[in-house]
There are 2 protein chains.
Amino acid sequence: MPVSIKDIAQKAGVSPSTVSRALNDHPRISQETKTYIQNLARSMGYIPSTVARNLVTRRTATIGVAIADLTDPYYGRLMLGIDDAAAAHNYQVLLSCFYRDPDRELALVHDFHKRRVDGIIVLGSEAESAYSDPDQNFFMPIVLVNRPGYRCSVSVDRNVGGQMVVDYLVSLGHRRIAFITGGARQRIRSRRLAGYRQALARHHIPYNPDLVVDGDGEISGGIRAANQLLSLSPPPTAVFCFNDMTAIGVINALRRQGFRVPDDFSVVGFDDLEMTAYYSPALTTVRQPTHEVGERAFDMLSRLIRHQPVEPEMLNPELVIRASTTSAAQPLTA
Amino acid sequence: MPVSIKDIAQKAGVSPSTVSRALNDHPRISQETKTYIQNLARSMGYIPSTVARNLVTRRTATIGVAIADLTDPYYGRLMLGIDDAAAAHNYQVLLSCFYRDPDRELALVHDFHKRRVDGIIVLGSEAESAYSDPDQNFFMPIVLVNRPGYRCSVSVDRNVGGQMVVDYLVSLGHRRIAFITGGARQRIRSRRLAGYRQALARHHIPYNPDLVVDGDGEISGGIRAANQLLSLSPPPTAVFCFNDMTAIGVINALRRQGFRVPDDFSVVGFDDLEMTAYYSPALTTVRQPTHEVGERAFDMLSRLIRHQPVEPEMLNPELVIRASTTSAAQPLTA
DNA sequence: AATCTTTGTGCAAACGTTTGCGCAATTATT
DNA sequence: AATAATTGCGCAAACGTTTGCACAAAGATT
């Protein structure tokens, strides 16, 4: 049973209010009693109860962050930005993972509501539409990262990211460029895919649905997708992947079939995970300002909490050219 | 302002206690009122306040997990085991990252105390000794993962892990085997290092302090350490790394200096991150039963919470031989 | 028909804080 | 020397729940 403010009050011979004020450095308490009580509290091993405090103040100075996948370092990097911004504003952060499961995601957001956090950030939402649904009774600010369809979101522009990749591949002479999605669910709203198609159109390359196959954002999905692409005739000469994890799977599957990257196939990732720079071949990918995204997401949430107006934000990605891409070989099927 | 139990009571014309009991499916409430109130609550958008509930019940059904590094998928995998076990026991999990900073770690554990979680798990503690320090006033169950010195801990036996690696490298003919630590702070208590030394002794290979250099558990540390090792004459023929991240750094630094892995140097990691199996060369490493570790950590905490006796647990790792290791070349310095 | 159980509900206290208000004692202002 | 402002503290209500106890009404047991 932890020691409470009343225990301290009793021992000090003062009222609980005085103890509370002394501990919170209230101006109308004498310096003398303050230091006396603070020392006493320390010596008694007092640890204030946030839960009682939150109940009466009706705020928690805490935000909840729901994360899609803890084994993908991309989200870890976003968290860094959020944590930094939150710390700078004296906010605590509660984290939880929903393992890419929309039901768990919603359950989690619900739990955050019950905990009465001041606001919520969702990283990699799988249930975007729910947040605009009035039936959900979400009564607190929520910002989504990378879901530009939602009112309160900060995203990197994956459409232009996709275009950059295609432009670059086309400039290398590629014309049969495959795209691997992050999963069938993502497919419809995929900005990368939209950018891919727009860029193809701009280069007068007809869109070929066979070249677009589903992955799952993880290595295993990349492997499956690559094998599927290899069964095409003719196969693509370049593969644009939903993210770096997928790209790792793709490169492996290709290599396992005896192909070489980039000589036989160019492969491009997305996210610029630290480790893929050290991969072999070092991955050509699209870098996102993750830290800034995290910070901005927190700032937007913070403005929302203070009832200030916000509008969706869009940040620009950057193409990082490394060793997994090269000029298109002469078409084998000439 | 969210709707409270009183609001519902008023609208239903019953007392708050009845509402509370109806929502919690108390046996002494008629089915009729139960369904009536439950529907009413739903329609009013009622979301119970855990904070009020926690205050009166004096428990939170929540555990806190402090994580050293969110960008290392190793911890993500541990979390999976914890989350699964916790969900099975109707516990919520609160996560937070301390970025390998001992001060932030302690601050975080302190914050968990203030939140009155029922117990705490620390993954990758940097402040182990604090948990045995009575001055810290930690008044709740805490289990540490991979800190076998602590009373309540579940660890994989990194000592035998270290020995397995050295035994294997020696069997390949290596005698100049380097070890890269996870950081100067870890060095003293490193079980891997102890295992490394024991195995060397067993093979009558004298211990050479020059071959033990500090990394930091991340890629950058691996790069630095590898360069340091290359400046030795003669350099080692094999490098045993604190973890897989370090190994990635090492392989890169070696390659950048024109060396080949495993032809010129054998490299061994630790953790068996999924992606390192897809690395090139695929990494020889030590697999840990991460999911089981996570589950057991939760189970231990759960026993602690119920005041049942516990004792430290130790799980066995497993050597995974892949392509980053091979027989020692003829010594260049013959 | 009297007693005993059971069923369904309400009262009120409690959890550990914060905070508006009141009030006495001290100090500053005329 | 009277009044005003300031300083230091306590009272008590409040936050939104849960829960032991009381109690009336209905049903079951003699």
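Keep in mind that the numbers below use all heavy atoms, side chains included, and drop hydrogens, waters and symmetry copies. Order of the sequence lines fixes the chain letters, A, B, ..., with proteins taken first and strands second; residue numbering starts at 1 for each chain.
Under 4.0 Å is where a charged nitrogen must lie from a carboxylate oxygen, and between B:Asp157 and B:Arg191 no such pair does. Ion pairing of B:Arg104 with B:Glu126 is absent here, as no side-chain N (NZ or NE/NH1/NH2) approaches a carboxylate O to less than 4.0 Å. Note on A:Asp7 versus A:Lys11: no salt bridge recorded, every NZ/NE/NH1/NH2 to OD/OE distance being 4.0 Å or above.
In this structure, the CZ atom of A:Arg28 is 18 Å from the P atom of C:dT18, given to the nearest Å. A:Asp25 has its CG atom 15 Å from the P atom of D:dT7, to the nearest Å. Atom-to-atom, CD of B:Glu32 to P of C:dT9 comes out at 8 Å; the value is rounded to the nearest Å. Here C:dT19 presents its P atom at 12 Å from CG of A:Leu55, a figure rounded to the nearest Å. In this entry the distance linking CD1 of A:Ile8 with P of D:dC9 reads 16 Å, nearest Å. Atom NZ of A:Lys6 and atom C1' of D:dG10 are 15 Å apart (whole Å). Look at CD on B:Gln31: it is 20 Å from P on C:dT6, rounded to the nearest Å. A straight line from NE2 of B:His26 to C1' of D:dT18 spans 10 Å, rounded to a whole angstrom.
In this structure, A:Ser17 reaches the bases: a heavy-atom distance under 4.0 Å links it to at least one base atom across the strands shown. Contacts of A:Ser4 with the nucleic acid, taken as non-hydrogen atoms under 4.0 Å apart, involve only primed sugar atoms and P, OP1 or OP2. Note on A:Arg58: only backbone sugar-phosphate atoms sit closer than 4.0 angstrom, heavy atoms only; bases stay farther off. Residue contacts shown for A:Thr33 are limited to sugar-phosphate atoms, with no base heavy atom under 4.0 Å away. The residue B:Asn54 sits apart from the nucleic acid: no heavy atom pair falls under 4.0 Å. Looking at heavy-atom distances under 4.0 Å, A:Val14 makes contact with sugar-phosphate atoms alone, never a base.
Not one side-chain nitrogen or oxygen of B:Ser15 sits closer than 4.0 Å to the OP1 or OP2 atom of C:dT9. The side chain of A:Tyr46 contributes an N or O atom lying less than 4.0 Å from OP1 or OP2 of C:dT17.
Sequence order on DNA chain C of the closest nucleotides to A:Arg53 and B:Ser30 puts B:Ser30 first from the 5' end. Toward the 5' end of DNA chain D, the nearer of the two residues B:Arg21 and B:Ile47, judged by each one's closest nucleotide, is B:Ile47.
Not a single donor-acceptor pair, N or O on each side, falls under 3.5 Å between the base of C:dC15 and the side chain of A:Ser49.
When each of C:dT9, C:dT19, D:dT18 is scored by its nearest atom to the side-chain atoms of A:Ser20, the top-ranked nucleotide is C:dT19.
Considering A:Ile63, A:Val117, A:Ile305, A:Val109 in turn, A:Val117 is the only one that fulfils the side-chain contact (heavy atoms from CB on, under 4.5 Å) rule with A:Met140. When each of B:Thr62, B:Thr50, B:Asn54 is checked for a side-chain hydrogen bond (donor to acceptor under 3.5 Å, both in side chains) with A:Arg115, only B:Thr62 meets the rule.
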